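Both counts, for ligands and for their atoms, begin at 1 and track the order of listing. Since the model is a prediction, treat every value here as computed from it, not as a measurement.
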Amino acid sequence: MPSAQLQTELDERAAQGLLRQRRTLETPQTPHIIVDGKPYLAFSSNDYLGLANHPQLIAALQQGAQQWGVGAGAAHLVNGHFTPHHQLEQRLAAFVGKPAALLFSTGYMANLGVVQALAGKGDTVYADKLNHASLNDAMLLSRATVQRYRHGDLAQLDALLAKQQSGSKLVITDAVFSMDGDLAPLPGLLALCERHDAWLLVDDAHGFGVLGQYGRGTLSHFGLGSPRLILMGTLGKAAGVSGAFVAAEQVVIDSLVNHAHSYVYTTASPPALAVALLESMTLIEQGDALRAHLQRLIVKLRTGLNDLPWQLMPSDTAIQPLLVGDNKQALTLSAGLRERGIWVAAIRPPTVPQGTARLRITLSAAHTEGDVQRLIEALHALAGKSEIRAATDRTPRPAGEGERG
Ligand SMILES: *Cc1c(COP(=O)(O)O)cnc(C)c1O
């Protein structure tokens with residue numbers, strides 16, 4: 001594409017209120033950030049337990065670098081697999097109650113690796129329509145046949161699974177939907193996978209560390225265990241560091257080591273990160289007070305926002321999207337909050353379905369009740385401003401039908 005054409009495409013995006021731009025943080029990731037020299041109270045990170053800037057993790061990373069250096073220097077299968085990687089994998093597997101675990105550099109890469117290793121030509125991948133973009137990309141890369149079912153629609157999935165006569169079957173789903181905050185019907189999904197002999201890959205990016213006993217995640221929340229369950233958890237959200245893991249039966253992990261390109265053909269993440277993550281595991285395990293505080297903030301926010309012209313979407317998790325609908329109105333509302341010193345990102349298509357632009361409010365255990373009160377008051381003040389209100393009176397219900405990614 002010639003550059004003039006690239007520019008035209010960007011201009012069109014801008015005209016639709018869809019241009020994306022980065023903002024540079026001049027402080028660490030905490031609820032209090034500085035951008036362009038101005039302080040903001042932020043409700044946009046996935047640092048649900050407030051660990052990203054935790055002194056114990058900073059100390060562990062420093063000690064890890066002292067002992068293991070900065071870079072892994074090679075892929076895991078060459079000579080980039082270190083003792084801290086090994087220890088972390090064993091600890092993660094035990095924590096989530098699976099026989100084995102495998103570290104990946106990012107959650108995006110873990111999803112690509114699992115789907116590509118378990119499904120190929122002649123196989124079928126079944127995906128919730130609101131899955132994360134990394135799962136969508138993973139199934140396209142795998143070259144398997146792709147079947148997408150309506151958000152949480154077990155009956156439709158059942159019918160699709162029943163039709164398939166040959167090849168292996170893999171169902172993939174977010175556990176906590178990243179832009180909606182609701183939970184996948186995991187008990188029903190697992191029952192369907194048992195009935196139709198399918199694998200179930202659960203992406204717990206937003207549940208790991210937050211939900212379930214000791215923060216073991218969404219599977220623990222539902223009390224689910226099965227050899228056909230494959231769990232992917234990320235380590236850059238509640239765990240506060242970086243990376244991801246897959247936990248499953250030993251034979252699945254051995255297959256990933258042999259076949260997952262995003263594992264085989266990439267440099268291992270620095271072993272010092274694994275040292276920091278071992279410390280993070282301790283904080284997660286001991287984090288009941290953080291999780292209880294986060295739960296109180298969720299209740300406070302939902303109670304405080306129930307009489308706004310915009311609806312909070314149905315969610316009990318730290319992801320609390322405020323549905324606005326129109327792209328530009330979502331940007332206007334986000335800008336209005338920014339003028340009041342509050343940072344909440346507007347999420348627009350194609351990340352979410354057309355007509356469902358929203359403010360994705362995320363809460364963290366690092367927020368105080370006073371922080372949440374400030375957000376509640378600012379949104380009420382903006383709701384009183386007629387020009388913002390006028391264009392959002394037509395706020396739609398969430399479609400639950402759109403494309404993502
Ligand atoms: C963030 C996220 C990922 C990607 O994880 P990274 O470690 O950030 O690459 C995958 N799935 C879901 C649902 C996510 O929210």
Could you tell me whether R228 and D197 have a side-chain N and a carboxylate O separated by less than 4.0 Å?
-> yes

Basic-acidic side-chain contact under 4.0 Å: E369, R374 | no

Which residue owns the protein heavy atom closest to atom 2 (C) of ligand 1, what's the atom, and how far is it?
-> K237 NZ, 2.4 Å

Of all protein heavy atoms, the one nearest atom 7 (O) of ligand 1 is G107 N, 2.7 Å

Report, in ascending order of atom number, the atoms of ligand 1 lying under 4.0 Å from any heavy atom of D203.
-> 10 (C), 11 (N), 12 (C), 13 (C)

Is D153 paired with K129 through a side-chain N to carboxylate O contact shorter than 4.0 Å?
-> no

So, are R291 and D288 salt-bridged, with charged N and O less than 4.0 Å apart?
-> yes

Within reach of ligand 1, part of A244 (heavy-atom separation under 4.0 Å) | neither

Thinking salt bridges, do D158 and R195 make one under a 4.0 Å N-O criterion?
-> yes

Under 4.0 Å from one or more heavy atoms of S178, ligand 1 contributes atoms 15 (O)

Ligand-side contact atoms (ligand 1) for residue partner A205, heavy atom cut-off under 4.0 Å = 2 (C), 11 (N), 12 (C), 13 (C), 14 (C), 15 (O)

Which of the ligand 1 atoms, numbered from 1, are nearer than 4.0 Å to a heavy atom of S134 = 10 (C), 11 (N)

Can you list the ligand 1 atoms lying under 4.0 Å from a non-hydrogen atom of T106?
-> 7 (O), 9 (O)

